[in-house]
There are 2 protein chains.
Amino acid sequence: MPTIQEVAKQAGVSVATVSRVLNNSGAVSVNTRNKVQSVIDELNYQPNLLGRNLRRSETRMILVLLENIANPFYSKIVKGMEDTAHENGYNVLICNTNTDINLENVYLDFLRNKLVDGVIFACTAMGTKEFNKLAEQYPVVLCNEYNKDIKAPIITIDNEVAGYDATSHLIKLGHRKIAMITVNNVGSSYDRMNGYRRALKDASLQLNDEYIVYQNFSYKGGIRGIKQLFELEEPPTAVFCISDLVAVGAIKELKRQGLKVPKDVAIMGFDNNSIAPMYEPSITTIAQPRYDIGKKTMEIMFERIKGNLNSSYIVKLEHELIVRESTLPSVH
Amino acid sequence: MPTIQEVAKQAGVSVATVSRVLNNSGAVSVNTRNKVQSVIDELNYQPNLLGRNLRRSETRMILVLLENIANPFYSKIVKGMEDTAHENGYNVLICNTNTDINLENVYLDFLRNKLVDGVIFACTAMGTKEFNKLAEQYPVVLCNEYNKDIKAPIITIDNEVAGYDATSHLIKLGHRKIAMITVNNVGSSYDRMNGYRRALKDASLQLNDEYIVYQNFSYKGGIRGIKQLFELEEPPTAVFCISDLVAVGAIKELKRQGLKVPKDVAIMGFDNNSIAPMYEPSITTIAQPRYDIGKKTMEIMFERIKGNLNSSYIVKLEHELIVRESTLPSVH
DNA sequence: CTGTTAGCGCTTTCAT
DNA sequence: ATGAAAGCGCTAACAG
């Protein structure tokens, strides 16, 4: 592995000059440039970025924290982030935290130890107070996660309106007994539930607390949610699920109970995961503008790094209702 | 951001001593250690790893190249890699290449520029010759990808036997007309197809080239594969799909054509993706020991870094047949 | 047990 | 247009 020294020696110039051609900076005569470049090519020289990064005290790396890379929801978001980062001469690192606070801390050390210039949280494990302390000291932005006390830029959709739209869709199809399988203590779910409530109210339908069941974002959450709902005396005819994966679990369990979707029960998902159009039946859902969310998040990150943004700041992007088989109209 | 200098000054010791307590190395008196540690805590000092890494010329980072993080197949593999890396004081970075050779090159610069100590390919874009050149110079290992000319450690299952087992399962169920939807030019698929052929031969079934259709690993590949097969005069009664995603596309398209799985056609997947048990019907498949594959891959990486391994080396782990609804016995 | 010192590879003033 | 030299923050001989 040649160093810049060896290139300089072999080209008969100083290291400063080699550095200049490396960075296309300063003024270098065409002759010298060619000479240096040919030595670089000949030796197959690759600059050691550890040296550069130390000197510049920046790495042009952004860390993205995900709960789990397996969650296909984030794939397009990450693509949006990556493209935007590359356009700006940055690179993106992805790490899984499994929402494990210890693991999260390990990766946050990358930030504290100057290995990355900023962190995007697509998932948080730590508490709000701690988070705000971190966000005060370092460039940090939140993607698709939030609560009202967070002091950092946040990029998301308007989950309240999205919940309203999802529920309204079911109401328009004639459903009166509409349940929701959701999760607890997550800002976005809370907002979606508020939208659900407002839609029922606007349609003069009665709120029934038994129709709101708390599970988690998983396939199994959907199974358990349906079990719970269909033990009720008056089971719902439509279920709004907090994610497509939950919707899949719901459909699977309904099928097991001998009920047909959408004939007996309409199912609504959320996220427009890749599984939604593929499933049998395909799943009606709310699509989030995932690529744009990623893109915007990264743009905001650069603003934060430049210091143009210092306090909390929220960006809401547009969602979209996508109607598929799981809510095909039928009479009730 | 305090530096080691400031800690040293404030603690009234030399930077060497601070470094020693930081690394738990050398001998430091209990008194000094406590003093230094308290200053570290007080200043909330975090060592700048750019300095350390430059000095040590290692980063204890391993880069994992994936085609796409959205592919849930890799999630457990990555978990196995991460756990093993953490046990050894290393960290894992994940990058998407989209099998784009330019993007792959961007990330490989991390290796050439000393930002990571090794690269694991779970997906390759470059040609074999180039790959071998890289593998000669740097610690590189391949996970679940290969061809016979590769000169680097490879961790995989025995795809030929797996293909044999999958096909034999269908034969045992009484099927005689067994097709395969596969992909071209991929080492593992090639081996699985050889296994498929050998199973047919061992059962004295005739090989029918029309029953082998080439698509890609996607959902749409499954749809197109079925369309092609069911335009034949004698369509198959069972189809071995090269991946679970392909199987999903296959089932969806059969349903569209009014055929039932498994009643009319049996479908076999591969990989035991998370979707396989969730799908309707659930999908019979070959499970790869994904966590162990990841674990073993990382272990081999460390051997390579230590220099204990220099040439090509192949590790084959055990696979497993998982029978589900999509091949439930029925008479033909 | 502790301090002094050189240097990892690079960039960037400051001279010339 | 080019070079000399300082220094980013850290570690690791070496000396004492």
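If you're wondering where the values come from, they're calculated on a predicted model, not measured in any experiment. Order of the sequence lines fixes the chain letters, A, B, ..., with proteins taken first and strands second; residue numbering starts at 1 for each chain.
Rounding to whole angstrom units, CZ of residue Arg56(B) and P of dA6(C) are separated by 22 Å. Protein atom CD of Gln5(A) is 12 Å distant from nucleotide atom C1' of dT11(C), rounded to whole Å. What separates CD of Glu6(A) from P of dC8(C) is a distance of 11 Å, to the nearest Å. As a whole-Å value, the separation of Ile4(B) CD1 from dA12(D) C1' is 12 Å. Rounded to whole Å, the distance from CD1 on Ile40(A) to P on dG9(C) is 16 Å. If you take CD of Glu58(B) and C1' of dC10(D), they are 13 Å apart, rounded to a whole angstrom. To the nearest angstrom, C1' of dC10(D) lies 12 Å from CG of Leu50(A). Rounded to whole Å, atom C1' of dT2(D) lies 19 Å from atom NZ of Lys9(A).
Tyr45(B) has no side-chain polar atom (N or O) that falls below the 4.0 Å cut-off from OP1 or OP2 of dG9(D). Phosphate contact (OP1/OP2 of dT11(C), side-chain N/O of Arg52(A), threshold under 4.0 Å): present. Remark: Thr32(B) is not in phosphate contact with dC1(C), judged by side-chain N or O atoms under 4.0 Å from OP1 or OP2.
Between Arg33(A) and Gly51(B), the residue anchored closer to the 5' end of DNA chain D is Arg33(A), taking for each the nucleotide with the nearest heavy atom. Along DNA chain C, the nucleotide nearest Ser29(B) and the nucleotide nearest Ser57(B) are compared for position; the residue whose nucleotide lies closer to the 5' end is Ser29(B).
For Val13(B), the listed nucleotide lying nearest its side chain is dG3(C); candidates were dC10(C), dG3(C), dT11(D). When the nucleotides dG3(C), dT11(C), dA1(D) are ranked by their closest atom to the side chain of Ser19(A), dT11(C) comes out on top. Closest to the side chain of Arg20(B), from the set dC10(C), dC1(C), dC14(D), is dC14(D). Across dT2(D), dG9(C), dT11(C), the shortest atom-to-atom separation from the side chain of Asn48(A) is found for dG9(C). Looking at the side chain of Ser14(A), the nearest of the listed nucleotides dG3(D), dA1(D), dT11(D) is dG3(D). Taking only side-chain atoms of Thr17(A), from C-beta outward, the nucleotide of dC1(C), dC10(D), dT2(D) with the closest atom is dT2(D). Here dT4(C) is the nucleotide among dC10(C), dT4(C), dG9(D) with the atom lying nearest to any side-chain atom of Ala16(B).
Between Asp292(B) and Lys295(B) there is no salt bridge, since none of the side-chain N atoms of the basic residue sits less than 4.0 Å from a carboxylate O of the acidic one. Taking a cutoff of 4.0 Å between a charged side-chain nitrogen and a carboxylate oxygen, Lys79(A) and Glu82(A) do not qualify as a salt bridge. Comment: Lys133(A) does not engage Glu130(A) in a salt bridge, judged by the lack of any side-chain N to carboxylate O separation of less than 4.0 angstrom.
Around the NZ atom of Lys35(B), the shell of radius 6.0 Å holds more than 12 heavy atoms that belong to other residues, nucleotides or ligands.
Summary of helix geometry: the two end axes of the helix from dC1(C)-dG16(D) to dT16(C)-dA1(D), each defined by five base pairs via their C1' atoms, are inclined to each other by 40° (rounded to 10°).
If you check every strand for non-hydrogen atoms under 4.0 Å, Ser25(B) touches nothing. At the heavy-atom level, Leu54(B) lies under 4.0 Å from base atoms of the strands shown. Nucleic acid contact for Asn23(A): sugar-phosphate only, since backbone atoms but no base atoms lie under 4.0 Å from a heavy atom of the residue. Among the atoms of the strands shown, only primed sugar atoms or phosphate atoms (P, OP1, OP2) are found under 4.0 Å from some heavy atom of Thr3(B).
Side-chain contact between Leu22(B) and Ile4(B): present, with at least one pair of heavy atoms (C-beta onward) separated by less than 4.5 Å. Side-chain contact between Asn68(B) and Asn98(B) is present, with heavy atoms from C-beta onward closer than 4.5 Å.
Side-chain atoms of Asn144(B) do not come within 3.5 Å of backbone N or O of Ala122(B) as any donor-acceptor pair.
A donor N or O paired with an acceptor N or O is not found under 3.5 Å between the base of dG9(C) and the side-chain atoms of Arg55(B).
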Please assess Tyr291(B) against Asp83(B) for the test side chain to side chain donor-acceptor pair (under 3.5 Å), listing each intermediate value before the final yes or no. CA-CA 10 Å; Tyr291(B) 186 89; Asp83(B) 288 352; 2.6 Å; yes
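Taking the six-membered ring where tryptophan is involved, the planes of Phe131(B) and Phe121(B) are perpendicular, since the angle between them exceeds 60° and thus also 30°.
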